[in-house]
Protein chains: 2
Amino acid sequence: MRSRLKETLDVPAARDEGDADKTLTERAFRLIRDDIVAGRLAPGEKLRIDPLRKRYDIGASPLREALSRLSSDGMVETEGQRGFHVSPISLDALWDITETRLLLEGHALRRSIERGGDDWESAVVAAYHRLHRAEQRRRAAPEAGLDDWEDRNRDFHDALIGNCGQPWLLRLRRILYHQHERYRRLVLLKRPIPRDVEAEHKAIMDAALARDADTACRLSDAHILRTAEAIAEFVAKHPAGAAPEAEGAARRA
Amino acid sequence: MRSRLKETLDVPAARDEGDADKTLTERAFRLIRDDIVAGRLAPGEKLRIDPLRKRYDIGASPLREALSRLSSDGMVETEGQRGFHVSPISLDALWDITETRLLLEGHALRRSIERGGDDWESAVVAAYHRLHRAEQRRRAAPEAGLDDWEDRNRDFHDALIGNCGQPWLLRLRRILYHQHERYRRLVLLKRPIPRDVEAEHKAIMDAALARDADTACRLSDAHILRTAEAIAEFVAKHPAGAAPEAEGAARRA
DNA sequence: CATTTATCGATTTTCTAATATATTTTCGAT
DNA sequence: ATCGAAAATATATTAGAAAATCGATAAATG
């Protein structure tokens, strides 16, 4: 009778939501979102339809539908008859996102651990392994595999909380994760990871597999908070890009 | 520097998000969502474009954009190239939504109370007063003012948590509130409110104004849980409409 | 003369209408 | 009955037209 919670466990290393780009709208959605998250579309930048059409080779309607969905996810904003633009960033928003994510992720992690199960355990171990490999590879070629590392980092955190049995909780938390990822990557564009994130991941996994929910949540909170603090520090020093209104479209003047 | 948190307090009794329907897309978004929440579009019902065009007198593109946004909010689902349909309902989803909302609403309420402030207090009192008047009116004409009562009930709960200072928390919680409202109204279509909800509202407000966050959260949790239990009981007895796939479109056969 | 207000044109966004693509149903043959 | 091919239906997409906004220049006012 129950139908869709396949995101929960079935495909541990699956890509994000909808998976395969069955329609141009889905394709546009993923491409634009990834460009925003990766910083290739700058915060506050105006998103005019024609340039986007050429950039992605996709017609106006699918683009507008994708942008509509992204506006529901808070990645772009749309105002009246004035088109779309990438959501600006700010320190306030960073802390808002961080605290709310802390709340959701903590709850989901605890539930996930309490429910336990063999499938979940092996999914966590597998995801950690894949992430570990990406970390090693990244140490060799620091700039190269960032996209890859991000994918696996996301998969690892998804696997940890994926057993909580609350699709809505996971859904909302994923929105925040993507927002958080955007802030993080704006920093990672210019700096390497500043601390031993790998060890933190291992500690969280060990606590989770030992069914020690309190410790796992504490470590997870610290993990997220440390990241947010690093981002905040960076943003405070380099205020560039903080809600710069129009940027990147300085083609005319 | 900070820009948009006007939803938080500025306009206590404001209607939902985007307010005025500046574009047909916004208009379609609100109309369809309200029809789904009010049960005029049944759970699982297929949403074909042509019938919708005639129903709302809006073209295909704005409709599709509105449906795209609604799919991000979980009100409709879209699968590959097979169009849109109203999200089905289920007991599992009800509890998922309820528990997740409990988490967000509790946190937001506590924050809101802790931060206090005169503006917030008066907004809460005003919203309660408006709700109170609607309750009285509804006792006189039980069926009539349901839409009105729902608006004011939403405004009251919004006012309580609106002072938490976390726009993202409010944003995600609002998604869940609408989902919850949908389940509730599917029941209210056929039954009156089964308990003294008015007294519960008053108790929550009193605790909030007394800055007793623990009590307010406890009462709020109980309030939400009791509602969910009433819905669950009803849905268990009347399994009709639970993921009925295609319904209401039984025009052909 | 400086500042504001009004107006026009260019650009952009929004929407309608028509085309192409995919899916579902129907119908006939095995 | 079951399967497969073809028609019918619906969806997704493109192209083009209508509405609105923005910027610049000109007129009006203090």
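Letters A, B, ... are given to chains in the order of the sequence lines, protein chains preceding strands, and every chain is numbered from 1. Side chains are part of it too, since the values below use all heavy atoms of this structure and drop only hydrogens, waters and symmetry mates.
D:dA12 atom P lies 14 Å from atom CD of B:E65, rounded to whole Å. Going from atom CG of A:D50 over to atom P of D:dG16 covers 13 Å, rounded to whole Å. Rounded to a whole Å, the CG atom of B:L24 is 16 Å from the P atom of D:dA18. Taking atom CD of residue A:E45 and atom P of nucleotide C:dT12, one finds them 14 Å apart after rounding to whole Å. What separates CG of A:L63 from C1' of C:dT14 is a distance of 14 Å, to the nearest Å. In this structure, CG of B:L67 is placed 12 Å from C1' of D:dT11, rounded to the nearest angstrom. For A:L52 and D:dT14, the CG to C1' distance is 17 Å, given to the nearest whole Å. As a whole-Å value, the separation of B:F84 CZ from D:dT11 C1' is 9 Å.
More than 12 heavy atoms of other residues, nucleotides or ligands sit less than 6.0 Å from atom CG of B:D50. With a 6.0 Å radius and a threshold of 12 heavy atoms from other residues, nucleotides or ligands, B:R27 has its CZ atom at or below the threshold.
Applying the 4.0 Å criterion to OP1 and OP2 of C:dT14, one finds that B:T25 has every side-chain N and O outside that range. Dashed line: the shortest gap from a side-chain N or O of B:R64 to OP1 or OP2 of D:dT11 is not under 4.0 Å. In this model, the phosphate group of C:dT13 is approached by a side-chain N or O of A:K46 to a distance below 4.0 Å at OP1 or OP2. Not one side-chain nitrogen or oxygen of B:K22 sits closer than 4.0 Å to the OP1 or OP2 atom of D:dA19. Phosphate proximity of D:dC22 to A:R82: present, with a side-chain N or O under 4.0 Å from OP1 or OP2.
If one axis is set at each end of the helix from C:dC1-D:dG30 to C:dT30-D:dA1 from five pairs, those axes are 20° apart, to 10°.
Qualifying ring pair (Phe, Tyr, Trp, His ring centres under 6.0 Å) partners for B:Y183, counting only residues two or more places apart in sequence or in other chains: none. For B:R40, the side chain to side chain donor-acceptor pair (under 3.5 Å) partners at least two apart in sequence or on another chain are B:D35. For B:R101, the side chain to side chain donor-acceptor pair (under 3.5 Å) partners are B:E105, B:H180, not counting sequence neighbours.
Ranking D:dA10, C:dA22, C:dT14 by closeness to the B:Q81 side chain, first place goes to C:dA22. Candidate nucleotides D:dT14, D:dT11, C:dT13 were compared by shortest atom distance to the side chain of B:I49, and D:dT11 ranks first.
Of the possible polar contacts, none joining the B:S72 side chain to the A:D73 backbone as a donor-acceptor pair under 3.5 Å is found. A distance-only check finds no donor-acceptor pair linking the side chain of B:T23 to the backbone of A:G80 [under 3.5 Å]. Put simply, the side chain of A:S112 gets close to the backbone of A:L160: a donor and an acceptor are under 3.5 Å apart. Looking at A:R152, its side chain does come within 3.5 Å of a backbone N or O of A:R130 through a donor-acceptor pair. For the pair A:E65 (side chain) and A:F29 (backbone), a donor-acceptor distance under 3.5 Å is absent. In this structure a side-chain-to-backbone donor-acceptor pair under 3.5 Å is missing from A:Q179 to A:I97. At distances below 3.5 Å, not a single donor-acceptor pair connects side-chain atoms of A:T78 with backbone N or O atoms of A:F84.
A heavy-atom distance below 4.0 Å to DNA chain C is reached by none of the residues of residues 53-62 of chain A.
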What nitrogen or oxygen pairs link the protein and nucleotides 6-8 of chain D at under 3.5 Å?
none

